[in-house]
J.: 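Could you have a look at this structure, given as structure tokens, before my questions?
Here is how names work: the chains are called A, B, and so on, in the same order as the sequence lines, proteins then strands, and each is numbered from 1.
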Amino acid sequence: MPTSAKASARQRTPATIYNHLKVEKKWQKEWEVNGTYKTENPSLRSGSKRLQPKMYVLDMFPYPSGAGLHVGHPRGYIGSDVYARMKRMDGFNVLHPMGFDSFGLPAEQYAIQTKKHPGPFTDKLVAQYKKQLEVIGFSYDWSREVSTHRPEYYKWTQWIFLKLCDAWYDSKKNKARTIDELVTLFEKSGTKSVAAFADNATPTFSAKEWQSFSAIEKQNILMQYRLAYEGFAEVNWCEELGTVLANDEIVDGPTGPVSERGGFPVIKKAMRQWFMRITAYADRLVEDLQPLDWPNNIKEIQKNWIGKSVGSEITFEIPAAQTSVSVFTTRADTLFGVTYIVLAPEYPFISEWQNVISNWTEVEAYIKSIAQKEENERTAADKPKTGIQLKGLTAINPANGEEVPVWIADYVLANYGTGAVMGVPQHDERDFAFATTYKLAIIDRPLVDKNEITKKVAGTLVTKYKMRDAIFARQRYWGEPIPLRHATNGLITPLKEKQLPLELPKVKSYEPSGNGESPLSQVKEWIKEGYETNTMPGWAGSSWYFLRYMDPTNNKAFAGKKALDYWKDVDMYVGGAEHATGHLLYSRFWHKFLFDMGLVATKEPFKALRNQGLIGGSDGRKMSKRWGNVINPDDVVKLYGADSLRLFEMFLGPFEAHLPWSTEGIIGSRRFIERVWRLALKLKDQENFRASGERLARTKDRENISDLGASQKALHKTIKKVTKDIQTFSFNTAVSSLMICLNEFEKNGVSEKDFQIFLQLLAPFAPHVTEELWNGSTSIHLAGWPKFNPKYLVEDQVTVGVQVNGKVRAEITIAIDASKEDIETAALALPRIQEFLQGKSVKKIIVVPGRVINIVATE
RNA sequence: GCCCGAGUGGUGGAAUGGUAGACACGGGGGACUUAAAAUCCCCUGCCCUCACCGGCGUGUGGGUUCGAGUCCCACCUCGGGCACCA
């Protein structure tokens, strides 16, 4: 930083009244001009400069909505900024960027309503958001800003998508590999030598057969292996609106689900979609959670979401239909207690057995009635279980040869396990309820060893997951185009890298097309080229943005190898807990894939994670326009200053706690800053401010109560406390200890030198006022982080509570190194204690040095 | 229903099993001022009391311990996640 600019900025004497508007504006400009927070990549570093340890501190980037920021939004950003600033001062090479997740529904809705392109609108919102963030004084390196809707960014989102398309999961090597490698394996030996994570019904074939397949046949087979693949999925379809709806666009109507807008019926419909085979990574996504420094509840949520369960697949023969059914169970030990077999109504082969099912008409009617039910309705836990027996069929228990009836029932899910369950009413609550309703046998049999019985009946030990593959397509305009072409013969070709980005075309209308496809399907040139009409979902761009910050202008790669090898991963990630099963899972999946491909250096993207709590309205409700309780940070900054806002949001309570906003509360933070300011003024007058004793005038009558030594002690205690508290995100107690320290300074006086150190501690929280009062030759924010000297932390006297039978009755102040005996003697000598011990005999004395002494006496 | 987490003054909250209520807001009283604001000083968990002394007190009930807001068991309330996952 040019010192001349700095020096000239310093020369003014501080105004007697703290003018936050002037001071904050001045330094924000100064920082920008001087590039105070600019972060350099090591490769760009000039000459022999020492390589500092890296520290990547990241916020979850916002979606820039029209409503703008309210006072709750910056809370997480302030926390991460305090952390980043402290690390930067401490000598780390800190990467602290910000950007915008700018594809999404609200901008699309705006486009539909105004019939204008969402691009310029989004750009405007981004600029607005940025402005709101800037006045708060974050230490972002804005030169690294990214927005997911810009073609130079989404080029690489598309590129990663194509990589995923071009990959399969090798279950043996436990990593992703390219499709080329899979094809080579197929050419060599067919499916024989391939252990892959693929669709259930993937066919087996020899090398010879593979060669005989047509291009389309090959494509269909490979599609069952690709990590990004095309398939069919049930979606919420609204005929009247002619569109697909998200779950939260649907409400309950009197006769079933209806659209929130218009109240039209919504049904389930299978539609062509792109998917991400995230299930291939299920196991690693669970396993690799363990060492992460993440909040336990987020880890727990992800674990439950993935829902790993280890069990057995056991086959029951059904001789009448010349078939068999495999069930999945985690309780193979209860196999002897099976009294029936039950299949999901959607079980694929039921209709093939209709000749041997004597009550087929009723069965068919039942299946139909279930198909019309909404999934929510079907799976409501309190719903009575329904089912029907497949008369004429019996299944044979492989453990003992017993014949049991075969049922279908709506409490069995088609898309979990094998879609078939063995009924053990004795040991399973749901089976018990079902058996009771339909008067099925309930038998009590001894339990056996799970593994042994599985082996004995020729079953297999398997692991199942609740998590499903993620749909990776939206029938919307405002998202990344999927960079593929569909030829009229059905062949799909990915675009070449040099053809990227595939930019969004102009459209006439942003309305849904009416046939459930995206507005892109109405663009003639688009269709002529055979481009995919679906766009990517909102989470595509956000699944890798943190990598782009490492090297944001690279036009040869999503990030350069040098940058990736240096920055590696995010050291501290801060954001809302609501992303636990979305963004945080998808990012981990993409990152693991990129790791498998040798494109990133670590197997996890976010080493540490912290969640900030929400700030609600002062009325205890959620902050929203609807309740009229929204506080705009711009107003707060204008009135009290950014430093006050920052300090207050950190002081309010624990970082992760949900807290109500308090308009009165921020006054305390403002007052604190003003007191710091006034103390600085006093230090202008006298090199070392000596307390006049005004604070103690009433209680103590001393000429000079100034005690700079006491202040020095307080300061070093504060250095220790603040350092530790910022590391652990205990910002509220860090601020509180700074307040305590200032109280000491005012009471005892303080030296100029100690006051400057105090400013350093305060700098991460209140960057503007501390910079203004700082006397150094560089910015305070690059001035190093203070170290405490343990010698100032040593107390020679300590106050110890004296308890009798566990109740505090007195206290004594005694030398810190007093022996237990000394403490005992001193405590017993106290008149108050003597009184309490009257007529009792001392049984035992417990001395906790420096804390408490407990005298245990008889009653 | 299952899995997490939390319940502390008027309010936000603090407290390695060791003196509960730090820090701050609000409230009360005082100083300064012609006055107000700002600032500074004192008090502020509840009950009894002029005061001292004392009693009670961290959602409820038990337990462990010399000692429990903190650990264990049961329950209540609130928040979050999942929703018949076999």
J.: Which whole-number value in Å describes the distance from A:Ile673 CD1 to B:U39 P?
T.: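 Distance, rounded to whole Å: 14 Å.
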
J.: Answer with yes or no whether the side chains of A:Ser669 and A:Ser644 bring together a donor and an acceptor at under 3.5 Å.
T.: no

J.: Sticking with atom P, work out how far B:C72 lies from B:U65, rounded to a whole angstrom.
T.: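 Their P atoms lie roughly 16 Å apart.
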
J.: Is the phosphate of B:C23 approached by A:Lys721 (side-chain N or O, under 4.0 Å from OP1 or OP2)?
T.: no

J.: Distance check, C1' atoms only: B:G62 and B:C43, in whole angstrom units.
T.: 39 Å

J.: Grab the CD1-C1' distance between A:Ile855 and B:G18 for me, whole Å please.
T.: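 The distance from CD1 of A:Ile855 to C1' of B:G18 comes to 14 Å, rounded to the nearest Å.
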
J.: Rounding to an integer number of Å, can you tell me how far A:Leu289 CG sits from B:C3 C1'?
T.: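 So the two atoms are 15 Å apart, to the nearest Å.
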
J.: If you restrict it to nitrogen or oxygen atoms, what contacts under 3.5 Å exist between nucleotides 4-7 of chain B and the protein, and what is each distance?
T.:
none

J.: Taking the C1' atom of each, how far is B:C23 from B:C78, in whole Å?
T.: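 That atom pair is separated by 26 Å.
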
J.: So which one's nearest nucleotide on RNA chain B is more toward 5', A:Thr733 or A:Ser662?
T.: A:Thr733

J.: For A:Gln834, I'd like to know if atom CD has over 12 heavy atoms of other residues, nucleotides or ligands within 6.0 Å.
T.: yes

J.: Do A:Asp822 and A:Ser819 have side-chain N/O donor and acceptor atoms under 3.5 Å apart?
T.: yes

J.: Centroid separation under 6.0 Å, is that true for the rings of A:Phe434 and A:Phe432?
T.: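 That pair fails the under 6.0 Å test.
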
J.: For a quick check of understanding: with a heavy-atom distance under 4.0 Å over all strands, which category does A:Lys464 fall into, base, sugar-phosphate or nothing?
T.: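 Result for A:Lys464 = nothing.
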
J.: Across the strands shown, which category fits A:Val848 at heavy-atom distances under 4.0 angstrom: base, sugar-phosphate, nothing?
T.: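 Result for A:Val848 = base.
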
J.: Just the rounded figure in Å: distance from C1' of B:C82 to CZ of A:Arg468.
T.: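 For the pair A:Arg468 CZ and B:C82 C1', the rounded distance is 13 Å.
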
J.: A:Leu659 has a side chain; which of B:U39, B:G12, B:C23 sits nearest to it?
T.: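 Closest nucleotide among those given: B:G12.
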
J.: Nearest of B:A14, B:G54, B:G26 to any side-chain atom of A:Phe836?
T.: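 So the nucleotide nearest the side chain must be B:G54.
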
J.: Quantified in whole Å, what is the P atom distance between nucleotide B:U49 and nucleotide B:C4?
T.: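 So the two P atoms sit 49 Å from each other.
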
J.: Among B:A14, B:C23, B:A86, which nucleotide sits nearest the side chain of A:Tyr416?
T.: B:A86

J.: Could you list, one pair per line, each protein nitrogen or oxygen that sits under 3.5 Å from a nitrogen or oxygen of nucleotides 19-21 of chain B, together with the distance?
T.:
residue: B:U19; atom: O2; partner: A:Glu811; partner atom: OE1; Å: 2.9
residue: B:U19; atom: N3; partner: A:Glu811; partner atom: OE1; Å: 3.2
residue: B:U19; atom: O4; partner: A:Thr799; partner atom: O; Å: 2.6

J.: State plainly whether the residues A:Lys747 and A:Glu744 are in salt-bridge range, i.e. N to O under 4.0 Å.
T.: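 Yes, this pair counts.
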
J.: Could you pull out the closest heavy-atom pair between A:Lys844 and A:Ile846, with the gap in Å?
T.: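 The pair with the smallest heavy-atom distance is CE-CD1, 4.1 Å.
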
J.: With side chains defined as the heavy atoms from C-beta onward, is the minimum distance between A:Val310 and A:Leu461 less than 4.5 Å?
T.: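 They are not in contact (no side-chain heavy atoms under 4.5 Å apart), so the answer is no.
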
J.: Categorize A:Asn732 for me: base, sugar-phosphate, or nothing, with a 4.0 angstrom heavy-atom threshold over every strand shown.
T.: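 Sugar-phosphate, no base atom in range.
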
J.: Take atom CD1 of A:Ile823 and atom P of B:C66, then tell me their distance rounded to the nearest Å.
T.: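 Nearest whole value for this atom pair: 20 Å.
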
J.: How close do A:Ser326 and A:Glu313 get, counting heavy atoms only, and between which atoms?
T.: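 Shortest heavy-atom contact: OG-OE1, 4.1 Å.
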
J.: If the C1' atom of B:G7 is compared with that of B:G21, how far apart are they to the nearest Å?
T.: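 About 16 Å, rounded to a whole number of Å.
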
J.: Could you summarise the pairing of RNA chain B as dot-bracket text, marking Watson-Crick and G-U pairs under 3.5 Å with ( ) or [ ] inside the strand and | across strands?
T.: (((((((..(((.....[....)))((((((.......))))))(((......)))..(((((..]....))))))))))))....

J.: Determine: side-chain N/O of A:Tyr411 to OP1/OP2 of B:A86, distance under 4.0 Å, yes or no.
T.: no

J.: Hey, is the side chain of A:Lys844 pairing donor to acceptor with the base of B:C66 inside 3.5 Å?
T.: no

J.: With rounding to the closest Å, how many angstrom separate the C1' atoms on B:G57 and B:U19?
T.: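 It comes out at 15 Å once rounded to the nearest Å.
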
J.: Strictly below 4.0 Å, N to O, side chains only: are A:Lys385 and A:Asp410 in salt-bridge contact?
T.: no

J.: Give me the distance, rounded to whole Å, that separates B:G26 from B:A38 when you measure between the P atoms they each carry.
T.: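 It works out to 10 Å between them.
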
J.: Identify the residue among A:Thr581, A:Ile306, A:Leu584 that makes a side-chain contact (heavy atoms from CB on, under 4.5 Å) with A:Ile301.
T.: A:Thr581

J.: Tell me whether B:G9 sits syn or anti, counting syn as a glycosidic angle within 90° of 0.
T.: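 Here the answer is syn: the torsion falls within 90° of 0.
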
J.: When you measure from the side chain of A:Arg809, which nucleotide among B:G26, B:G54, B:A86 comes out closest?
T.: B:G54

J.: Before giving the answer on side chain to side chain donor-acceptor pair (under 3.5 Å), spell out for A:Thr418 and A:Tyr347 the whole-Å C-alpha distance, their side-chain angles and the decisive distance to 0.1 Å.
T.: CA-CA 9 Å; A:Thr418 60; A:Tyr347 197 82; 5.9 Å; no

J.: Can you see whether A:Ser309 engages A:Tyr416 through a side-chain donor-acceptor pair at a distance of less than 3.5 angstrom?
T.: yes

J.: Have A:Glu300 and A:Asn296 got a donor and an acceptor in their side chains that come within less than 3.5 Å?
T.: no

J.: Please classify the nucleic acid contact of A:Ile301 as base, sugar-phosphate, or nothing, using heavy-atom distances under 4.0 Å.
T.: sugar-phosphate

J.: Taking the minimum atom-to-atom distance to the side chain of A:Leu413, which one of B:C3, B:A86, B:C40 wins?
T.: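 When the side chain of A:Leu413 is considered, B:A86 is the closest of B:C3, B:A86, B:C40.
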
J.: If you check every side-chain atom of A:Arg675, which of B:G18, B:G13, B:C40 has the closest atom?
T.: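 Of B:G18, B:G13, B:C40, B:C40 is nearest to the side chain of A:Arg675.
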
J.: Return the 5'-most residue of the pair A:Lys308, A:Ile853 with respect to RNA chain B, ranking by each residue's nearest nucleotide.
T.: A:Ile853

J.: Would you say a side-chain N or O of A:Ser737 is under 4.0 Å from OP1 or OP2 of B:A22?
T.: no

J.: Using atom CD of A:Glu656 as one end and atom P of B:G13 as the other, report the distance to the nearest whole Å.
T.: 11 Å

J.: If we take the C1' atom in both B:C46 and B:G80, what is their distance in whole Å?
T.: 34 Å

J.: With a 4.0 Å limit, can you tell me whether A:Arg832 has a side-chain N or O closer than that to the phosphate oxygens OP1/OP2 of B:G54?
T.: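 Yes, within the criterion.
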
J.: Would you confirm whether the ring centroid of A:Trp677 sits within less than 6.0 angstrom of the ring centroid of A:Phe672?
T.: no

J.: Answer with yes or no whether the side chains of A:Thr813 and A:Thr799 bring together a donor and an acceptor at under 3.5 Å.
T.: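 The answer is yes; a qualifying pair exists.
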
J.: Between B:C40, B:C84, B:G54, spot the one nearest the side chain of A:Lys385, thanks.
T.: B:C84

J.: Side-chain N or O of A:Arg671 versus OP1/OP2 of B:C23: is the shortest distance under 4.0 Å?
T.: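 For A:Arg671, the contact criterion (side-chain N or O under 4.0 Å from OP1 or OP2 of B:C23) is not met.
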
J.: Starting the side chain at C-beta, find the nucleotide from B:C82, B:U39, B:A22 nearest to A:Ile740.
T.: B:A22

J.: Starting from P on B:A24, measure out to CG on A:Leu645 and report it in whole angstrom.
T.: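 Value for this atom pair: 19 Å.
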
